[in-house]
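Notes to accompany the following structure.
The residues of the chain are indexed from 1 along the displayed sequence. Model, not experiment: these values are computed from the prediction.
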Amino acid sequence: LAATLFFALSGLAFNLLFPKFDWISEAVAVKQSFSTVIAVFFNMGIVILFAILFYLVRAYVSAALYLTLVLAILLLLSALVYLWLQKRGKALFERF
């Protein structure tokens, strides 16, 4: 759930940073925008990063502790993105 929350908030942030308002149909805005590409690869990168990190530290840290740390990191990042959206989101949306 924490990963889903972070992915949703980061996707919203990318959509505000790289909007696509010149679309003809909704499919173009959803499937062919630069923000969608960034969000998909960024979120895949986060998952791959956590997997590689677990592979490197699995001999030293239990899986439960590692997942707890990942949970804390994702919740912290979600809170930071949420606060950024609260502070700058409206201004970014209104610039277009």
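- Scanning all heavy atoms of the two residues, the minimum distance from Ala13 to Val81 falls at CB-CG1, 4.3 Å.
- Two residues are said to be in side-chain contact when any heavy atoms from C-beta on lie closer than 4.5 Å; Phe7 and Val47 meet this criterion.
- Side chains of Leu75 and Phe6 form no contact here, defined as non-hydrogen atoms less than 4.5 Å apart.
- Within 6.0 Å of the CD1 atom in Ile24, the count of heavy atoms belonging to other residues, nucleotides or ligands does not exceed 12.
- In this structure, Leu69 is a member of the same hydrophobic cluster as Val57, with clusters built from ILVMFWY side-chain heavy atoms closer than 4.5 Å.
- Side-chain contact check for Leu92 versus Leu17: some heavy-atom pair is nearer than 4.5 Å.
- Distance CD1/Ile46 to CD1/Ile73: 9.5 Å, rounded to 0.5 Å.
- Between the OG1 atom in Thr36 and the CZ atom in Phe41 there is a gap of 11.5 Å [rounded to 0.5 Å].
- Using a 4.5 Å cut-off between side-chain heavy atoms of Ile, Leu, Val, Met, Phe, Trp and Tyr, with links allowed through other members, Phe18 and Val40 fall into different hydrophobic clusters.
- Atom-to-atom distance recorded for Leu12:CG and Leu16:CG is 5.0 Å, nearest 0.5 angstrom.
- Put simply, OG1 on Thr4 and CG on Leu74 are 9.5 Å apart, with the number rounded to the nearest 0.5 Å.
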Take Phe42 and Ser10, measure what side chain to side chain contact (heavy atoms under 4.5 Å, CB included) needs, and give me the verdict at the end. CA-CA 9 Å; Phe42 175 77; Ser10 65; 4.2 Å; yes
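- Taking the ring axis of Tyr55 as reference, the NZ or CZ atom of Arg58 stays within 45° of it and closer than 6.0 Å to the ring centre.
- Taking a 6.0 Å sphere around CG of Leu83, one finds it holds more than 12 heavy atoms contributed by other residues, nucleotides or ligands.
- A distance of 10.5 Å separates CG of Leu67 from CZ of Phe50, quoted to the nearest 0.5 Å.
- Grouping the Ile, Leu, Val, Met, Phe, Trp and Tyr side chains by contacts below 4.5 angstrom, directly or via other members, places Val70 with Tyr60.
- Legend: side-chain hydrogen bond (donor to acceptor under 3.5 Å, both in side chains) pairs involving residues 61-86, not counting sequence neighbours, sorted by first then second residue: Tyr82-Gln86.
- Atoms CG and CG, from Leu77 and Leu5 in turn, are 10.5 Å apart once rounded to the nearest 0.5 Å.
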